[in-house]
Number of protein chains: 2
Amino acid sequence: MKTRKLFNRISVLRQERNISRKELAKKIGVNFQTVGYLEREEYNPSLDLAFRISECFGLPIDLVFSTEPMRPLSEELLDRKSQNGK
Amino acid sequence: MKTRKLFNRISVLRQERNISRKELAKKIGVNFQTVGYLEREEYNPSLDLAFRISECFGLPIDLVFSTEPMRPLSEELLDRKSQNGK
DNA sequence: ATATATTATTGTATATTTACAACATATATT
DNA sequence: AATATATGTTGTAAATATACAATAATATAT
């Protein structure tokens with residue numbers, strides 16, 4: 001299978017929460033350089049790792065990872081608000 | 001990283017849609033035996049493959065894969081209905 | 001009964017993910 | 001300026017996912 005490049009918001013989410021790669025790495029049980037690779041999108045996580053990361057941020061996988069380039073969270077927020085009529 | 005065993009509903013979803021492993025395999029671009037491995041939960045898919053499978057079924061990843069054993073879809077449906085007050 | 005399609009299983013080879021070490025760069029703090 | 005912390009990068013080794021072939025088992029249809 002020719003794997004597609006996937007996109008993620010790990011670095012944004014991590015910085016929002018003010019934690020270092022080392023801290024995040026410890027929480028999800030991987031080496032801190034692995035977080036680096038993922039943030040640079042140099043390779044895709046396993047599904048298990050993707051679940052751990054999403055759980056760590058308290059978000060569904062689809063908000064953290066995507067097959068399409070990630071839009072800024074701020075934009076996404078706007079869209080969801082207008083959809084809900086809020 | 002010691003990977004956890006993950007659970008999925010691939011075989012149920014596939015049978016609901018009346019397609020063989022071979023057909024599903026072709027759609028998602030993997031070998032048909034790979035579908036077998038996944039359905040038997042002998043190993044976890046990559047995140048990319050998990051995305052392909054979910055897309056193929058038109059469902060969010062979380063409905064197809066989980067860190068917890070899968071409940072029957074019928075039960076899940078009941079819960080969602082009562083949550084929505086429908 | 002036999003032909004056909006589907007699934008299970010096992011083994012080997014390749015690709016990708018992850019760990020880990022080493023070192024460079026940057027940034028902030030004292 | 002020196003120290004500490006965070007990050008980027010490269011290389012190698014280990015673990016896991018995937019491809020693929022072969023064969024067995026099961027079911028379905030004719």
Side-chain angles (χ1 to χ4, degrees), chain A residues 1-57 59 61-70 72-73, chain B residues 1-57 59 61-70 72-73:
Chain A
M1 186 187 61
K2 202 176 80 204
T3 44
R4 296 174 291 186
K5 171 189 170 39
L6 298 181
F7 304 88
N8 69 72
R9 285 197 245 259
I10 300 176
S11 67
V12 181
L13 294 169
R14 183 173 59 74
Q15 290 178 53
E16 270 189 346
R17 285 155 174 81
N18 268 312
I19 60 177
S20 70
R21 286 189 182 164
K22 224 167 251 177
E23 292 175 86
L24 176 58
K26 193 173 182 187
K27 279 192 180 190
I28 61 183
V30 298
N31 194 277
F32 82 99
Q33 284 111 327
T34 299
V35 176
Y37 278 107
L38 295 175
E39 289 192 355
R40 278 174 260 124
E41 295 172 341
E42 287 185 33
Y43 55 52
N44 299 333
S46 64
L47 181 57
D48 183 22
L49 184 48
F51 266 121
R52 287 176 201 230
I53 294 169
S54 311
E55 282 163 10
C56 177
F57 289 133
L59 295 172
I61 285 204
D62 314 74
L63 265 182
V64 185
F65 299 94
S66 171
T67 57
E68 300 298 322
M70 287 292 186
L73 274 171
Chain B
M1 187 188 61
K2 201 174 78 202
T3 45
R4 296 174 290 185
K5 171 188 172 40
L6 298 182
F7 304 88
N8 70 70
R9 284 198 245 259
I10 299 176
S11 68
V12 181
L13 294 169
R14 183 173 61 73
Q15 289 178 53
E16 269 190 345
R17 284 153 176 83
N18 268 311
I19 60 178
S20 70
R21 287 188 182 165
K22 224 169 249 176
E23 291 175 87
L24 176 59
K26 192 174 182 184
K27 279 193 181 189
I28 61 184
V30 298
N31 194 276
F32 82 98
Q33 284 110 328
T34 300
V35 175
Y37 279 108
L38 295 175
E39 289 191 355
R40 278 174 260 126
E41 295 173 342
E42 286 186 33
Y43 54 53
N44 300 332
S46 64
L47 181 56
D48 183 21
L49 184 48
F51 266 121
R52 285 177 202 230
I53 294 169
S54 311
E55 284 163 9
C56 177
F57 290 132
L59 296 172
I61 286 203
D62 314 74
L63 264 184
V64 185
F65 299 93
S66 170
T67 57
E68 301 297 324
M70 287 292 186
L73 273 171

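Every chain is numbered from 1 and lettered A, B, ... according to where its sequence line falls, protein lines coming before strand lines. What's counted below: heavy atoms across the whole structure, side chains too, no hydrogens, waters or symmetry copies. As the structure is a prediction and not an experimental result, all values here were calculated from the model.
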Atom NZ of B:Lys5 with >12 non-hydrogen neighbours under 6.0 angstrom:
yes
In whole angstroms, the gap separating C1' of D:dG11 from CD of A:Glu42 amounts to 13 Å
Can you tell me if B:Ser20 touches the phosphate of C:dA5, counting only side-chain N or O atoms and a distance under 4.0 Å to OP1 or OP2?
no
Are B:Ser46 and C:dT17 close enough that a side-chain N or O sits under 4.0 Å from OP1 or OP2?
no
Suppose we define a pair by two distances each less than 3.5 Å, Watson-Crick or G-U wobble; what does C:dT30 pair with here?
D:dA1
Within less than 4.0 Å of OP1 or OP2 of D:dT16, is there a side-chain N or O belonging to B:Asn44?
no
Expressed as a whole number of angstroms, how long is the span from B:Tyr43:OH to C:dT16:P?
14 Å
Tell me whether the side-chain N/O atoms of B:Arg14 come closer than 4.0 Å to OP1 or OP2 in C:dT6.
no
Can you measure B:Leu47 atom CG to D:dT18 atom C1' for me and round it to whole angstrom units?
16 Å
Using atom CZ of A:Phe51 as one end and atom P of C:dT18 as the other, report the distance to the nearest whole Å.
14 Å
Go through residues 29-40 of chain B and report each residue with a non-hydrogen atom lying under 4.0 Å from DNA chain D, sorted by number.
B:Gly29, B:Val30, B:Asn31, B:Gln33, B:Thr34
5'-most by nearest nucleotide on DNA chain C - B:Met1 or B:Ile19
B:Ile19
Identity of whatever pairs with D:dT30 - Watson-Crick or G-U, under 3.5 angstrom:
C:dA1
